[in-house]
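Only heavy atoms go into these numbers, but all of them, side chains included; no hydrogens, no water, no symmetry mates.
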Amino acid sequence: QVQLVESGGGSVQVGGSLRLSCAASGSTFSNYGMGWFRQGPLKEREFVAFIAWSGGKTFYSDSVKGRFTISRDNAKNMVYLQMVSLKLGDTAVYYCGAVRFRILANDSRDITSWGQGTQVTVSS
């Protein structure tokens with residue numbers, strides 16, 4: 001199993017930007033499809049973005065499409081989530097997730113490894 005550690009969360013005003021990072025270790029990173037999910041107060045964990053294990057194809061939820069960008073660096077065992085034009089509704093704990101040999105996993109039940117999460121707070 002891969003171990004994941006997120007970083008980069010924080011507080012930002014509406015319209016601001018943040019970049020989240022997720023460092024992976026303990027397994028062959030390039031074999032894993034990688035995703036970002038988030039969980040707001042009193043909400044279930046929801047899909048944000050996913051990048052395929054091979055080929056680099058990316059997927060986004062409708063709520064973040066055009067504002068967020070997921071990317072990966074297999075040489076560094078890292079996955080990133082660049083977030084721009086942040087909205088109040090983006091406030092949540094953001095989790096990095098991994099699942100082997102997946103092009104897409106947008107259901108949290110399909111994720112086999114999770115990080116501990118990083119808080120993103122967007123304020124007016």
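Annotation: side chain of R102 is not in contact with side chain of Y32 (no heavy-atom distance under 4.5 Å). Looking at heavy atoms from C-beta onward, W36 lies out of side-chain contact with I51 at the 4.5 angstrom threshold. For the pair V84/F68, no side-chain contact is recorded, criterion being any heavy-atom separation below 4.5 Å from C-beta on.
Checking side-chain atoms of S113 against main-chain N and O of G97 turns up no donor-acceptor pair under 3.5 Å. For the pair Y60 (side chain) and I70 (backbone), a donor-acceptor distance under 3.5 Å is present. Side chain of T58 to main chain of T69: no donor-acceptor pair is present (N/O by atom type, distance under 3.5 Å, no hydrogens or angles). Side chain of T118 to backbone of S7: no donor-acceptor contact under 3.5 angstrom is found.
With rounding to the nearest 0.5 Å, the separation of CD in E46 from CD in E44 is 10.0 Å. To the nearest 0.5 Å, the span separating CD1 on I103 from CZ on F50 amounts to 8.5 Å. Here the CZ atom belonging to R45 is positioned 9.5 Å from the CD1 atom belonging to I111, to the nearest 0.5 angstrom. The distance from atom OG1 of T112 to atom CD of Q1, rounded to the nearest 0.5 Å, is 5.0 Å.
Take T121 and apply the side-chain hydrogen bond (donor to acceptor under 3.5 Å, both in side chains) test, not counting sequence neighbours, and it matches Q119. Here F47 pairs with F37 under the ring-ring contact (aromatic ring centres under 6.0 Å, His included) rule; sequence neighbours left out.
Scanning all heavy atoms of the two residues, the minimum distance from A98 to V2 falls at CB-CG1, 3.6 Å. The shortest heavy-atom contact between R38 and A92 is CB-CB, 3.8 Å. In terms of heavy-atom proximity, V79 sits nearest to C96 at CG1-SG, 3.7 Å.
Side-chain heavy atoms closer than 4.5 Å link hydrophobic residues (I, L, V, M, F, W, Y) into clusters, and following such links, even through other members, never connects M34 to M78. When hydrophobic clusters are built by joining Ile, Leu, Val, Met, Phe, Trp and Tyr residues whose side-chain heavy atoms come closer than 4.5 Å, directly or via intermediates, V99 is not grouped with L81. Criterion: ILVMFWY side-chain heavy atoms under 4.5 Å apart, direct or through other members. Under it, L88 and V12 are part of a common hydrophobic cluster.
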With a 3.5 Å cut-off and sequence neighbours excluded, list the donor-acceptor pairs that the side chains of residues 13-24 form with protein atoms.
none

Q.
Using side-chain contact (heavy atoms from CB on, under 4.5 Å), reason through W114 and E6 one step at a time and then give a plain yes or no.
A. CA-CA 10 Å; W114 291 103; E6 302 96 334; 5.9 Å; no
Q) Taking it one step at a time, do V120 and M83 satisfy side-chain contact (heavy atoms from CB on, under 4.5 Å)? A) CA-CA 10 Å; V120 171; M83 307 185 293; 3.9 Å; yes
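Atom CD of Q116 is surrounded by more than 12 heavy atoms from other residues, nucleotides or ligands within 6.0 Å.
Under the 3.5 Å distance criterion, with hydrogens and angles disregarded, a donor-acceptor pair is assigned to the side chains of S63 and S61.
Residue pairs satisfying the ring-ring contact (aromatic ring centres under 6.0 Å, His included) criterion with at least one member in residues 81-111, sequence neighbours excluded, are listed as follows: W53-F101. Screening residues 73-89 for side-chain hydrogen bond (donor to acceptor under 3.5 Å, both in side chains), with sequence neighbours left out, gives R72-N74. Listed by first and then second residue, the disulfide (SG to SG under 2.5 Å) pairs involving residues 55-85 amount to none (not counting sequence neighbours).
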